[in-house]
Amino acid sequence: QVQLVESGGGLVQAGGSLRLSCAASGSIFNIKAMGWYRQAPGKQRELVATIRNAGNANYADSVQGRFTISRDNARNRVYLQMASLKPEDSAVYYCNAYLKTDYYSDYETYWGQGTQVTVSS
């Protein structure tokens, strides 16, 4: 069983910063990639940023230059440093991990429960 637990969400004024954290635990053999997605009310879930084992990061155009994703492979953690936040960044932010639980299993995607980020204007 695998669990992903996010933390660090909250309410912040436009222009402010927040740092999200996500910890993966349980039966984990190898994590190939971790990432952050977000979903605003009435909208589809969208990619924010992902990072692979080697550190290669990918960002949505809307957050490029403002958000930074990082990862602690030894602790199975991923972080999202968000700066210059805008009201349109308000959403529930979900952590995900693409991992396998043992040597013989396939890689699968797991999701956290989400953390709310609200940016006031």
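The shortest non-hydrogen separation linking Q116 to A91 is NE2-O, 3.4 Å. Looking at every heavy atom in both residues, P87 comes nearest to S121 through CG-CB, 3.8 Å.
For residues 3-29, every residue pair satisfying the side chain to side chain donor-acceptor pair (under 3.5 Å) rule, not counting sequence neighbours, is listed here: E6-Q113. Contacts classified as side chain to side chain donor-acceptor pair (under 3.5 Å) and involving residues 77-87 (residues at least two apart or in different chains) are not found.
Among residues two or more places apart in sequence or in another chain, the side chain to side chain donor-acceptor pair (under 3.5 Å) test is passed with Y107 by N30. Listed by chain and residue number, D89 satisfy the salt bridge (Lys or Arg N to Asp or Glu O under 4.0 Å) test with R66 (two or more places apart in sequence, or in another chain). Taking Y37 as the reference, W111 meet the ring-ring contact (aromatic ring centres under 6.0 Å, His included) condition, with sequence neighbours excluded.
In the hydrophobic clustering of ILVMFWY residues, with side-chain heavy atoms under 4.5 Å counting as a link, L47 and V92 come out together. Clustering ILVMFWY residues whenever any of their side-chain heavy atoms sit less than 4.5 angstrom apart, transitively, puts V78 in the very cluster that holds I28. Cluster annotation: Y94 and M34 are assigned to distinct hydrophobic clusters (Ile/Leu/Val/Met/Phe/Trp/Tyr, side-chain heavy-atom contacts under 4.5 Å, transitive).
Taking OG1 of T115 as the reference point, atom CG of L20 lies at 6.0 Å (rounded to 0.5 Å). The SG atom of C22 sits 10.0 Å away from the CG atom of N76 when rounded to the nearest 0.5 Å.
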Expected list for residues 51-64: side-chain donor-acceptor pairs under 3.5 angstrom, two or more places apart:
residue : atom : partner : partner atom : Å
N53     : OD1  : R71     : NH1          : 3.1
N53     : OD1  : R71     : NH2          : 2.5
N53     : ND2  : I31     : O            : 3.0
Y59     : OH   : I69     : N            : 2.9
S62     : OG   : R38     : NH2          : 3.4

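Using a 30° and 60° split on the angle between ring planes, Y103 and F29 fall in the perpendicular class, above 60°.
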